[in-house]
Amino acid sequence: MEKAIKKYWIIFILPTMAAFLIGFVWPFIWGIYLSLNKFQTLKKVEFVGFSNYIKVFQDETFLHAFWFTALFTLVSTIVINVLAFAVAMLLTRKIRGTNVFRTVFFMPNLIGGIVLGYIWQSLLNGLLYIWDKPLLALSATEGFWGLVILMGWQQIGYMMIIYIAGLQNVSPDLIEAAQIDGASAWDVLKHVKIPMVMPSITICTFLTLTNSFKLFDQNLSLTGGEPAKNTQMLALNIYDTYYARSGAQWKGIGQAKAVVFFVIVVAISLIQLKFTRSKEVQA
Amino acid sequence: MKKRVVSILLTAAMAVSLLAGCGQTGSGNTASTDNGSAATTNTGSGDTGKAAADGANGKVYYLNFKPEADEAWQKLAEAYTNETGVPVTVVTAASGQYETTLQAEMAKTDAPTLFQVNGPVGLKNWIDYCYDLAGSDIANNLTSDAFALKSEDGITAGIAYVIESYGIITNVSLLEKAGYKVDDIKSFDDLKKIADDIQARKDEIGVKGAFTSAGMDGSSDWRFKTHLANLPIYYEYKADGISQTDAIKGTYLDNYKKVFDLYITDSTVDPSQLASKTGDDSENEFLNGEAVFFQNGSWEYSALSAKYSDDEIQMIPIYFGVDDANEGLCTGTENFWCVNAEASEEDIAATLDFMNWCVTSPTGTAAMADDMGFVIPFKTAAESPNAFVKQDTAITAAGKTPVSWNFTTMPSEEWKNGLGSALTAYAAGTGDWKAVETAFVDGWAKEIEANK
């Protein structure tokens, strides 16, 4: 059997390989090529060189979207991970109804982003109206915190599950040993639990970082970029350039933005992985 | 040996089913790249001049813009197929998704043969795909050459297929209850006086406000950032004797402010709430008799006629305080049919035949007038039962000048969105009118520049 696999491995990877080539590699190459062109549909493309990239960096809305996204990513990554870890600590203490709580906290994650965005829009607008504050579409600050609340509500449960799995894997022997050595609860957390769940932290920060950076649905439905594109994030900015603008030149610019976006996401993810990986320990 | 054959066969079967799966997703709603490469084989085949081919062998694929007319189009397409045997597919894009859908559909091998653009600005996207309709039967059938959309190079790229009017739809019974007649409103000042009075006595009259909520949600803000914004543009063009410009001056923005102020103060809701109010909210307020005035167009007739008789609703001009004595309803079109030049000759011929049939045959004209409620700008048109359309004809006959639709010359969607955001902020009090002026005047120049 093993011999057969050695001989025919190429046939076995063929389906996946084909799917990968057709579904990822080919569109990816096309995407990069299109960013150097002016086009309306893929039937007629006209090569324009790097002028699309120049226009990308001249576009104020894109730069604004970049800083807004960066700030949002920073805040939401911290908020989500701190809260998810805290909830995970609480729910590994064998309190009554732990499973019910875990299920309830996890559930928001099962609802689609667009739906959540619209629901939260009505909720937040209702509150803002009662408090006599401008509605979501009128204030960038409210829009920002609205997005943080929405993302937190949706993602904390998911990250919590990963942290719970990590925390349950911390050997009780280690904790006991630390306690016998006179470590306080805080010391145990800082010197035993956190280093031991570092792989979970790596995964969770990676997920929240990339999810926040690539956020689209929630942004579209909660604020739609209002007021005047002040809460527009990168993905929505790209979509807007590609679809909401008329004139063939915008398609190429949108495509160029997407390529720049891809490079940024890859760079951030690699840096983050390297940083958190270096803190992982073996026990 | 046998085992080996079986395993190879199995793998092959897996690979095939997988590829088949890919093929199917390719024909779905998104434009995938393998579609693009397949479609290249088709390029150029339809490019050759006038289609002399016989339409009977072709097929028609119409990408419809108006969701409210979808059912009627499906029925009409079926009737055409039954009569001539030519297959007609009608697909309707979701509201607000036309451009996106068209984008995806045009990349396919079986692209729409008939689609639409919304005027000169929309045409810029698709001019390379538009078949020259000059001299075709349908172009010759137009009541006026003004309803043909010409590109900058003089190609007849589009044919207007529906003429619409908008203004202030008035609930006549409620107005009478307040002690006024429609004839009492002859100018902006009259309108303001009456609206203010109704607003002051709203509880006594039993309404929530004079005007329905001027919702600034995406489903409703076009009534103000596009339709109402047409008036300052119309009067400026008229004063300057031009039909489009690269630099708008905003001469009549004060009038624009007065009308918008009237809408948001004499309203059913508090201005701070407008940002989240939708088009449906506004329509329902009118249907429930909670407001007397409702700025909207003749396309609302089918929704409103379900509740009101033709005598109970009347559309009056959006009096703008410039030339009220001569101002009529805003009448025009932003719906132009275009034929896909990339389609095969047979399909182009079939599409031209279908268009022609729609606007000349008794079945076609009846469906467009009665089922869709359209007034079509063709010599062979049937009369539409739409009360607003009749009122428009009457107002024009009384010597008023219809306000033309100049919003098709607005530089881009982006400009409208900028204006919409500024208006929303102004209505809620978080922004000032200065920002609206900036969005209107500076935004115009900026967008013209960006789209050069």
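So you know, we letter chains A, B, ... as the sequences are listed, proteins then strands, and number each from 1. No hydrogens, no waters, no symmetry mates; every other heavy atom, side chains included, goes into these values.
Taken from CD in B:Glu99 to OH in A:Tyr242, the straight-line distance is 11.5 Å, to the nearest 0.5 Å. Once rounded to the nearest 0.5 Å, the distance linking OG of B:Ser276 with CG of A:Leu124 reads 12.0 Å.
Within a 6.0 Å sphere centred on NZ of B:Lys124, heavy atoms belonging to other residues, nucleotides or ligands number more than 12. Counting non-hydrogen atoms of neighbouring residues, nucleotides and ligands closer than 6.0 angstrom, the CZ atom of B:Phe260 exceeds 12 such neighbours.
Neither the backbone nor the side chain of A:Phe39 comes within contact range of chain B, judged by heavy atoms closer than 4.5 Å. Only the side chain of B:Asp270 comes within less than 4.5 Å of a heavy atom in chain A; its backbone stays farther off.
Residues of residues 53-67 of chain A having a heavy atom under 4.5 Å from any heavy atom of chain B: none. Using a 4.5 Å cut-off between non-hydrogen atoms, no part of residues 256-265 of chain A approaches chain B. The contact list for residues 416-438 of chain B toward chain A, using heavy atoms and a distance under 4.5 Å, reads B:Ser421, B:Thr424, B:Ala425, B:Ala428, B:Thr430 by residue number.
In this view, A:Trp153 satisfies the side chain to side chain donor-acceptor pair (under 3.5 Å) rule with no residue, not counting sequence neighbours.
Taking all atoms of both residues into account, the shortest heavy-atom contact from A:Trp250 to B:Ala450 is CZ2-O, 3.5 Å.
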Check your understanding: So A:Asp240 and B:Glu414, side chain to side chain contact (heavy atoms under 4.5 Å, CB included) or not? Walk me through it.
Key -> CA-CA 9 Å; A:Asp240 213 41; B:Glu414 188 81 2; 4.3 Å; yes
